Each structure stands twice: as C-alpha cells, then as structure tokens.
Amino acid sequence: MLDLRHVVDHLDEVKSALGRRNAAAAAALDSLDELARRRREAIAASESRAAQRNKANEEMARLPKGSPEFLARRDELKQLSAEQKEFEKTVTTVEAEIQQILQGVPNMPLASVPDGAGAEDNVEVKVWGQRPSFDFAPRPHWELGAGLQILDFDRAAKLSGARFSVLFGAGARLERALIQFMLDLHTGEHGYTEVQTPFLVRGTALFGTGNLPKFEQDLFKIQGDAPDMLQAMYLIPTAEVPVTNLHGGELLEAEKLPVAYAAYTPCFRSEAGSAGRDVRGMIRQHQFDKVELVRLTTAEAAEEQHELLTRHAEVVLERLGLHYRRMLLCAGDMGFSSQKTYDLEVWLPSENQFREISSCSWFGDFQSRRADLRFRPEPKAKPRFLHTINGSALAVGRTLIAILEQYQRADGSVAIPEALRPYMGGIEAIKV
RNA sequence: GGAGAGGUGACCGAGUGGUCGAAGGUGCAUGAUUGGAAAUCAUGUGUACCUGCAAGGGUACCGAGGGUUCGAAUCCCUCCCUCUCCGCCA
C-alpha cells in the first residue's frame, strides 16, 4: 500500500508513475486530495473536543458526586462528548474511504523499469547457456512423461478434475530431488534459513502481501463461517505469503538484517480467468510445488539485495544446466505489489520458446506498510518500514518440465543433470 | 468437541470507573564510581496521528472491534489468540 501522505504531497508524480502501468491505476487517486483534507479537518474537530473533555474530567473527578455543580457540569459535558463522537465517526468513515482507495492502488514502477503494456515490452537482460539441439523432433513433457510412465493427468482428473497431475516412480522422486537440491543450495551456499510454514493462512496474511482484497478470485478459500475476508482461511498461492508475514507487527533490530528465508511449500491457485491457457501438461496447475526465497532488508540495501536474490535463483538453473534468460518486466506487466521485477524464463524445446520459471520482485515498503514489517535503524532511532524482496528459486513443477524437455533423448529417455544425481540415487537417466 | 484460566509497554508483572501512558522489576542508554570490569548509585528509555518553521502543544493506543458513561486498562457484548484438564486423534 502506498503512503497516504506521500501520495497527497506528490500527487502528480505518483499519478504519472502509476500511469505507466495503466490509466485506471492513476485515475483511482483523483478523490484522495479532497478526502485527505476532510480527514484532517475531522481529526482537528474531534481532537479539540476531546482535549476540552479531558480537561473537564479532572474537574469532575474532584467534584462531589451528585452535587448540583456536578450535575450541571455533567449535562454540559454530555453535549461536548456527543459532538466529539460525531466528529470521530466522520474520521472513521473518511479513513475507511481512503483505505478502500489506497488498498486497490498498485505499487509505483521504479524509474529503471521500462515502459510497456504487456509481455511483448519486457526487456531481455541476459541469456545463459546454449539452446539444446536435437537430431529428432523434441517431444513435449506430457508425451515424455506418459512414455516413461512417470506423469499422469487422466488419473489426477479422476481425483481432482482438470489442472492437476500425478507423478509416479522416478517422476515423483525427481520432484522431491529438486526440492531437496534447491533447499540445500540456498541454505548451504547462499546463506538462507530454511523455514516450514502453514499452507493455510488467514486473510490478514494475504492482505499483507497484496493478494487481498483485490485478487480473492485467484485463491482457494476454505468454506467456513468467518465474518469477513480477513478472518477467512485460504490455501496459500505461494510461500511468499506466510514467509513475508512471519515478522509482522515486530520491530526487528538492524543488525539482524538482512533476514533471508528459503521455504518449500505447495502452492494453490484457482487460475480464474486463465481458461484455455496452457491446458495441456503441467505448466499451469491448481497445485504446484515451489521453493521461495524471501529477503527483508533496508531501503538502502534493497536494490543490491534484489540483484543478489535474483542471482541465487539463476544459480539453480545454471547448476542444472538449463538454458534460460533473464527479463526485466515492463511497467504494464508487473504484479500489483512490485516496483521492479525480473522474470527468469527457461527454454522449452517443444514450444520453441522461453517460459517463466521464476519471478523475482522488489516491493519497496509497499508490503511492509500492509504487513507492518519494521525495524529500528539504531537503538534510539525511529522505526522504519523494511523493504521486502522475494523470488521463486524455483517453481519445481516447471523445473521438472524443463529437465524432461531439455534433457530428452531420441529413445524417449531423459538424462539426469549431474547436480541432481546424488538426490536421485545415482541414476544417470530416467528410462522405461 | 466439553470445562476452566488468561491476553497490560523490549521482557516480566501490578492495577476492578476519574489525578493511569500506566506502580515495581528486568533489559537497554547515558553519567558517577573503577586501572578496567562486575557490583552499586543517578537519570533517561513506546508507537501512530493532528498541529507548528521550530521549541512545543494535542489526541489515540493496556489482544481486536463495538457498547454503557461526563469519564473505561478497569463494566457489558462479539470476535481472535494462548494455557490447563477431559474427549478424540496423525
């Protein structure tokens, strides 16, 4: 969430930054100036009466109860108190309106983020590795998986419907091996602390990361009698949600920063609005596994930390020998809460194109303001909001797909990347 | 699921309608003492918002939200969370 004061004081600047995402984002701010003024007036009116009332209360405490002076004074104060409550109600109402607007406003793209409306305007930053060449027609992962009897969509459909998959044998082990490999790399070499979180969270956590209230339709909600969205339970769409909120409401000490967590979780997404997209294979599922990296840091260190985290995600692809590229997302293609995002895209031979396998974002203090993530720069200093950074490292299902496709052989078998073999019982390939 | 007990500042803990932003302690900071440290003593030590050039002034916050009252940490209601016992259970 953007800071009200900053928005009002720099309205034109904020509007032009948001305008780079889309016109609607900027237009939402139009009424804020006036609302902020009404808020200030109501606060002044309410507080001046509260001050009078508090002053009179000292006198009331001294007057004998039931005395004529006491009764007369009490009647006067009734009026004052009623007025104060009226103005306080106005404050509450106006602030709710302001919140409503601000909650729906996305983060501002940084100046270094390129202009653009969609994926076609993203900028390629780097390409790593060689495009694998085949002396046969490379097969899509679902054909490879079916041939090897490790990947089954029909049986998953019997259990859960469309957009689920079942892994068997070496396929299931490959999934598990990837999770282990990624966690070991990040905790062992990149300095992250592994964390296991709940997969079911209350709405307040989803508000913290910016998924609620605007994107409820993307989530799986648990049926229950919660009175509102924020108290309801949801399946997490990413580990970003529980991990980012882990220190909500706390005041972290500066020397503990940066905080760096690596978490494996399954992720659940309703994929509302994506009907017809990626319906074949396991590119887009209602449930998938992901290893997520989260860093909490200071504003000053954040840019460097974002580069570092992105680099950590890239190392996974490089150790696995997977051809990929890094994209800098344009303003129009970034997620709601992000101010700068790199996507890593892995090469899929069957599609003859790169596909997203990781998204590494720097949120500034946008999430921290919602999730109440603060630190104290030094012992006596005022608390400040942290900067949050996170990224997939990596989406496990898509990594499995990339391995199947990039390491496939003419006979339908799939070689196991060197780095993964210790996790696969030493086998060098998956064969029938 | 049943019964009960609780949620107070960085932490522990007192406080059942007024002078309570909140006793006391711990921790922390500064100073004194010391060759240095420990111990001791003194002083200080929350956050957010409004207002002001500033110094300052004001308001709110005792799990969250409502209510009663001139006045609520204290009384009432709803919710959330923690703990204990019983039941059930991986």
Side-chain angles (χ1 to χ4, degrees), chain A residues 1-9 32-100 102 196-208 212-213 222 224-234 242 245-257 365 368-386:
Chain A
M1 191 154 63
L2 299 177
D3 178 41
L4 174 64
R5 174 168 286 191
H6 183 267
V7 172
V8 170
D9 289 351
L32 270 184
D33 207 21
E34 169 67 9
L35 283 170
R37 194 183 56 74
R38 280 174 49 201
R39 170 178 173 272
R40 275 198 303 273
E41 284 173 5
I43 287 174
S46 160
E47 289 192 351
S48 74
R49 280 160 186 80
Q52 283 180 59
R53 184 202 61 202
N54 289 346
K55 203 149 207 175
N57 280 343
E58 291 172 30
E59 177 191 345
M60 286 297 282
R62 281 192 304 266
L63 288 174
K65 294 204 174 27
S67 68
E69 300 96 310
F70 180 92
L71 294 175
R73 195 78 182 104
R74 193 185 62 186
D75 289 342
E76 286 171 42
L77 289 176
K78 259 185 196 169
Q79 171 67 20
L80 184 65
S81 191
E83 280 178 28
Q84 191 273 326
K85 286 208 167 83
E86 258 328 290
F87 282 115
E88 197 175 275
K89 272 205 181 95
T90 308
V91 174
T92 309
T93 312
V94 174
E95 285 193 337
E97 268 181 77
I98 290 171
Q99 288 300 310
Q100 184 96 34
L102 282 180
Q196 268 280 347
T197 69
F199 305 151
L200 225 47
V201 295
R202 228 177 264 289
T204 45
L206 289 149
F207 178 84
L212 287 181
I222 304 302
D225 52 10
D228 60 55
M229 204 184 257
L230 294 180
Q231 287 180 65
M233 299 288 272
Y234 297 83
N245 283 283
L246 221 42
H247 296 291
E250 298 178 22
L251 205 50
L252 299 181
E253 293 163 45
E255 62 263 32
K256 299 245 171 77
L257 302 177
D365 59 12
S368 289
R369 194 167 283 111
R370 292 172 158 248
D372 191 22
L373 296 167
R374 296 181 303 161
F375 74 105
R376 199 184 290 283
E378 43 199 292
K380 292 282 173 184
K382 267 172 74 86
R384 288 172 54 198
F385 285 114
L386 288 157

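Note on naming: letters A, B, ... go to the chains in the order of the sequence lines (proteins, then strands), and numbering restarts at 1 for each one. Atoms considered below: every heavy atom in the structure, side chains included; atoms not considered: hydrogens, waters and symmetry mates. Being a predicted model, the structure only gives us computed values, none of them experimental.
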Interatomic distance where CE belongs to A:Met1 and C1' belongs to B:rA48 [whole Å]: 13 Å

N/O donor-acceptor pair under 3.5 Å between A:Arg202 side chain and A:Gln231 backbone: yes

A:Lys65 side-chain proximity, nearest of B:rC70, B:rC49, B:rG18: B:rG18

First of A:Glu88 and A:Asp3 reached from the 5' end of RNA chain B, by closest nucleotide: A:Asp3

A:Arg40 CZ - B:rG58 C1' separation (whole Å): 17 Å

For B:rA64, the Watson-Crick or wobble partner whose two distances fall under 3.5 Å: B:rU78

Partner nucleotide, any strand, of B:rG87 [Watson-Crick/G-U, under 3.5 Å]: none

Whole-Å gap separating C1' (B:rG17) and CE (A:Met60): 13 Å

A:Pro383, nearest nucleotide to its side chain (from B:rC49, B:rC70, B:rA48): B:rA48

Sugar-phosphate only, base, or nothing, as touched by A:Arg202 at under 4.0 Å among non-hydrogen atoms: sugar-phosphate

Short N-O contact, A:Lys85 and A:Glu88, less than 4.0 angstrom: no

Nearest to side-chain heavy atoms of A:Gln231, which nucleotide of B:rU47, B:rG18, B:rC80: B:rC80

Any A:Lys85 side-chain N or O less than 4.0 Å from OP1/OP2 of B:rG71: yes

Side chain of A:Arg5 (C-beta onward), nearest among B:rC80, B:rC70, B:rC50: B:rC50

Sugar-phosphate only, base, or nothing, as touched by A:Arg374 at under 4.0 Å among non-hydrogen atoms: sugar-phosphate

Side-chain N or O of A:Arg73 closer than 4.0 Å to phosphate OP1/OP2 of B:rG71: no

Whole-Å gap separating P (B:rU69) and CG (A:Asp75): 13 Å

Residue matched to B:rA29 through Watson-Crick or wobble contacts both under 3.5 angstrom: B:rU43

Integer-rounded Å distance: B:rG18 P and A:Arg62 CZ: 15 Å

A:Ser48 side chain near B:rG58 phosphate (N/O to OP1/OP2, under 4.0 Å): no

Integer-rounded Å distance: B:rA22 P and A:Asn54 CG: 14 Å

A:Arg62/A:Glu59 ion pair, N-O < 4.0 Å: no

A:Arg49 side-chain N/O to A:Ala45 backbone N/O, donor-acceptor pair under 3.5 Å: yes

Side-chain N or O of A:Arg376 closer than 4.0 Å to phosphate OP1/OP2 of B:rU47: yes

Whole-Å distance separating the NZ atom of A:Lys55 from the C1' atom of B:rG57: 11 Å

Spacing of A:Phe70 atom CZ relative to B:rC70 atom P, expressed in whole Å: 9 Å

Residue A:Ala51, side-chain atoms from C-beta onward, closest of B:rC80, B:rG58, B:rG18: B:rG58

